[in-house]
Amino acid sequence: MSDTGVQARRSAVYLLDQILGEEPRLMSELLAGGALDKLSPDDRARAQRLATQTLRGLERADRLLQKHLKKHPPLTIHNVLRVGTVELCQGGAAHGVVNAMVNLVNQHNKLSHLKGLTNAVLRKIAAEGPDAWDALRAPRLPKWLRGPLIEAWGADAMAAIEAAHFAGAPLDLTAKGDPAALAETVGGTLLPTGSVRVKNPGQVSTMPGFEAGEWWVQDAAAALPVQILAPQAGEDILDLCAAPGGKTMQLAAAGAQVTAVDDSAPRMIRLKQNLERVALKARTLTKDALAIKGSFDAILLDAPCSATGTMRRHPDLPYAKDGSEFGDLIGMQAEFIDHAWSLLKPGGRMVFCTCSLLPDEGEVQVDEALERHGDMSVDNSGLSRPGIDPAWITSEGGLRLRPDYWADQGGMDGFYIALLRKAG
């Protein structure tokens with residue numbers, strides 16, 4: 001790592017300053033805006049990893065630091081101490097970590113006078129932190145989110161979800177061809193649902209088969225909606241809210257005639273790049289989903305949602321959001337369901353899914369949609385498949401996935417999936 005790690009650590013602290021500041025920003029927005037573009041590839045990966053690990057362990061870091069701080073230091077210094085604490089408690093060499101963090105503060109125009117505090121606190125953490133770290137509970141989610149999730153799933157499930165978030169997520173791949181062959185090629189594990197799971201993968205773009213377009217990154221839970229839709233060769237299928245394109249590629253690989261729609265131009269550029277890399281084709285439209293017209297054999301609606309199911313991969317979400325957008329999202333999802341239903345041919349089928357842990361964005365949406373549409377029914381016949389526990393099938397016939405499921409195999413993203421059929 002260049003400059004004894006100062007560049008990567010400075011960038012990690014910058015990311016945390018933005019995510020945890022008075023006007024919180026998502027890490028995805030920061031990265032898309034070029035926050036790490038000036039770093040070398042190794043430092044870029046290291047900065048993102050440090051920021052992510054610190055966000056996962058934020059509660060633990062703060063509990064260890066509070067013993068050594070009489071008052072809250074400026075946010076940047078607090079984040080310097082947090083990053084240093086997480087590194088030290090997860091096996092970082094004390095001398096290297098402390099020196100790098102002190103150098104980082106010393107180079108800051110307005111905060112260099114706090115290098116002594118930084119040095120003193122991190123030396124204490126280096127001496128006692130690692131043992132104390134392991135004795136602390138798994139960090140809890142912020143109250144604004146924890147409350148609704150306990151109400152939905154109970155306290156025991158909440159503790160298991162938080163443990164899964166703290167553990168982080170392995171890398172899951174979807175094969176363009178034979179998943180068993182891909183698992184052997186990349187040294188991964190073939191999951192019962194057909195995804196390939198890789199632990200400690202390193203740089204994704206250097207993995208075997210990436211350049212050749214033999215696979216794409218996609219959580220095992222996110223791969224299930226298309227499997228449940230069961231696309232057939234030649235079918236005219238609409239993929240709404242499609243970017244960055246994992247499900248589009250699944251549909252295209254099955255031989256369907258895919259129309260992929262998303263209203264984000266940057267995300268659609270990425271979708272097109274992904275299609276090009278794997279040599280698959282789809283019609284792409286950068287357009288509001290509610291403006292789409294036509295008639296389709298099948299529709300995949302991965303609706304905009306709170307993304308609370310993806311927090312083990314994106315631990316910035318609980319800090320950069322506060323739940324204030326939930327009401328608007330829930331209303332938008334109902335609109336999208338109704339519009340998509342109007343585009344579905346009689347006798348057709350539609351998968352509605354969200355990467356959310358909130359029933360209001362899943363089970364409740366389908367219950368209410370069934371009341372609005374007399375020609376809509378839920379088909380759960382395709383949920384009897386390898387890897388799916390029958391207990392995950394909900395009362396209205398959808399599939400509820402949570403991060404604590406498959407805990408012994410590394411978990412999965414939180415998702416809700418329902419296959420809806422239109423009367424012929």
Side-chain angles (χ1 to χ4, degrees), residues 15-30 48-66 72 75 78-79 82-83 85-86 89-90 133-170 219 221-222 304-330 354-364 392 400-407 410-416:
L15 292 175
L16 293 172
D17 284 352
Q18 301 302 307
I19 293 164
L20 302 173
E22 291 184 4
E23 297 182 6
R25 298 177 64 190
L26 290 167
M27 190 180 297
S28 58
E29 295 172 3
L30 295 166
Q48 194 171 343
R49 186 165 63 250
L50 284 174
T52 298
Q53 289 171 342
T54 302
L55 289 165
R56 285 201 181 104
L58 197 67
E59 181 191 291
R60 283 191 178 187
D62 283 352
R63 291 187 70 177
L64 294 179
L65 285 168
Q66 69 184 9
H72 280 306
L75 180 63
H78 205 165
N79 287 331
R82 286 162 163 164
V83 172
T85 296
V86 170
C89 293
Q90 294 186 344
W133 177 271
D134 292 332
L136 294 171
R137 70 187 182 195
R140 290 184 172 181
L141 291 171
K143 290 179 181 179
W144 70 263
L145 180 56
R146 196 168 197 270
L149 293 183
I150 289 177
E151 185 179 346
W153 313 119
D156 290 345
M158 187 71 255
I161 288 170
E162 286 169 333
H165 286 165
F166 185 51
D219 188 83
C305 71
S306 63
T308 45
T310 69
M311 288 183 298
R312 66 193 191 119
R313 297 185 185 280
H314 304 290
D316 55 312
L317 289 177
Y319 300 103
K321 294 187 175 185
D322 62 5
S324 59
E325 81 279 22
F326 285 176
D328 289 343
L329 286 169
I330 290 165
T354 56
C355 54
S356 172
L357 289 170
L358 299 166
D360 282 346
E361 297 187 288
E363 293 89 337
V364 175
W392 302 348
R400 165 53 64 189
L401 305 176
R402 295 198 325 232
D404 55 315
Y405 294 168
W406 286 357
M412 62 173 72
D413 281 356
F415 245 90
Y416 175 80

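In this structure, the side chain of Arg312 engages the main chain of Met412 through a donor-acceptor pair within 3.5 Å. Judged by distance alone, with hydrogens and angles left aside, the side-chain atoms of Arg82 form no donor-acceptor pair with the main-chain N or O of Ala61 at under 3.5 Å. At least one donor-acceptor pair under 3.5 Å links the side chain of Trp153 to the backbone N or O of Leu357. Not a single donor-acceptor pair under 3.5 Å links the side chain of Arg25 to the backbone N or O of Ala320. For Arg313 (side chain) and Pro170 (main-chain N/O), a donor-acceptor pair under 3.5 Å exists by modelled atom type. With Trp144 contributing its side chain and Pro318 its backbone, the two residues share a donor-acceptor pair below 3.5 Å. Judged purely by atom type and a 3.5 angstrom limit, Thr354 uses its side chain to pair as donor or acceptor with the backbone of Glu361. Between the side chain of Glu59 and the backbone N or O of Arg140, at least one donor-acceptor pair lies under 3.5 Å.
Residues Leu141 and Met158 are in side-chain contact: their nearest non-hydrogen atoms beyond the backbone lie under 4.5 Å apart. A heavy-atom distance below 4.5 Å is not found between the side chains of Tyr416 and Leu358. A 4.5 Å side-chain heavy-atom check between Leu55 and Leu20 finds at least one atom pair inside the cut-off. Residues Leu58 and Tyr319 form a side-chain contact, since some pair of their non-hydrogen atoms from C-beta on lies under 4.5 Å apart. For the pair Leu317/Leu145, no side-chain contact is recorded, criterion being any heavy-atom separation below 4.5 Å from C-beta on. A 4.5 Å side-chain heavy-atom check between His314 and Met27 finds every atom pair outside the cut-off. Counting heavy atoms from C-beta on, the side chains of Lys321 and Met311 never come closer than 4.5 Å. Between Ile19 and Leu30 there is a side-chain heavy-atom pair separated by less than 4.5 Å.
The two atoms that bring Ala157 and Asp404 nearest to each other are O-OD2, 4.4 Å, heavy atoms only. Residues Leu329 and Ser306 approach most closely at CD1-N, 3.7 Å, considering heavy atoms. Taking both residues in full, the closest heavy atoms of Gly57 and Pro139 are given as CA-CG, 4.1 Å, listed atom of the first, atom of the second, then distance. Scanning all heavy atoms of the two residues, the minimum distance from Arg60 to Ala138 falls at NH2-N, 4.0 Å.
Of the residues listed (Leu401, Asp413, Thr310), the one engaging Cys355 in a side-chain contact (heavy atoms from CB on, under 4.5 Å) is Thr310, and it is the only one.
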Please walk me through it: do Glu162 and Arg146 pass side chain to side chain contact (heavy atoms under 4.5 Å, CB included)? CA-CA 9 Å; Glu162 286 169 333; Arg146 196 168 197 270; 2.7 Å; yes

With side chain to side chain contact (heavy atoms under 4.5 Å, CB included) as the test, would you mind laying out the steps for Leu64 and Leu136 before giving the verdict? CA-CA 9 Å; Leu64 294 179; Leu136 294 171; 4.1 Å; yes

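Distance check: Leu50 CG to Gln90 CD gives 9.5 Å after rounding to the nearest 0.5 Å. Annotation: the span from Thr85 atom OG1 to Arg63 atom CZ amounts to 14.0 Å, rounded to 0.5 Å. How far CG of Leu15 is from CG of Asp316: 9.5 Å, rounded to the nearest 0.5 Å. Here the straight-line distance linking atom CD of Glu29 with atom CD of Gln18 works out to 10.5 Å at 0.5 Å rounding. If you take NE2 on His78 and CG on Leu65, they are separated by 5.5 Å, rounding to the nearest 0.5 Å.
For Phe415 and Trp392, the ring centers are positioned 6.0 Å apart or more.
The environment of CG in Asp134 is crowded: more than 12 heavy-atom neighbours from other residues, nucleotides or ligands sit within 6.0 Å.
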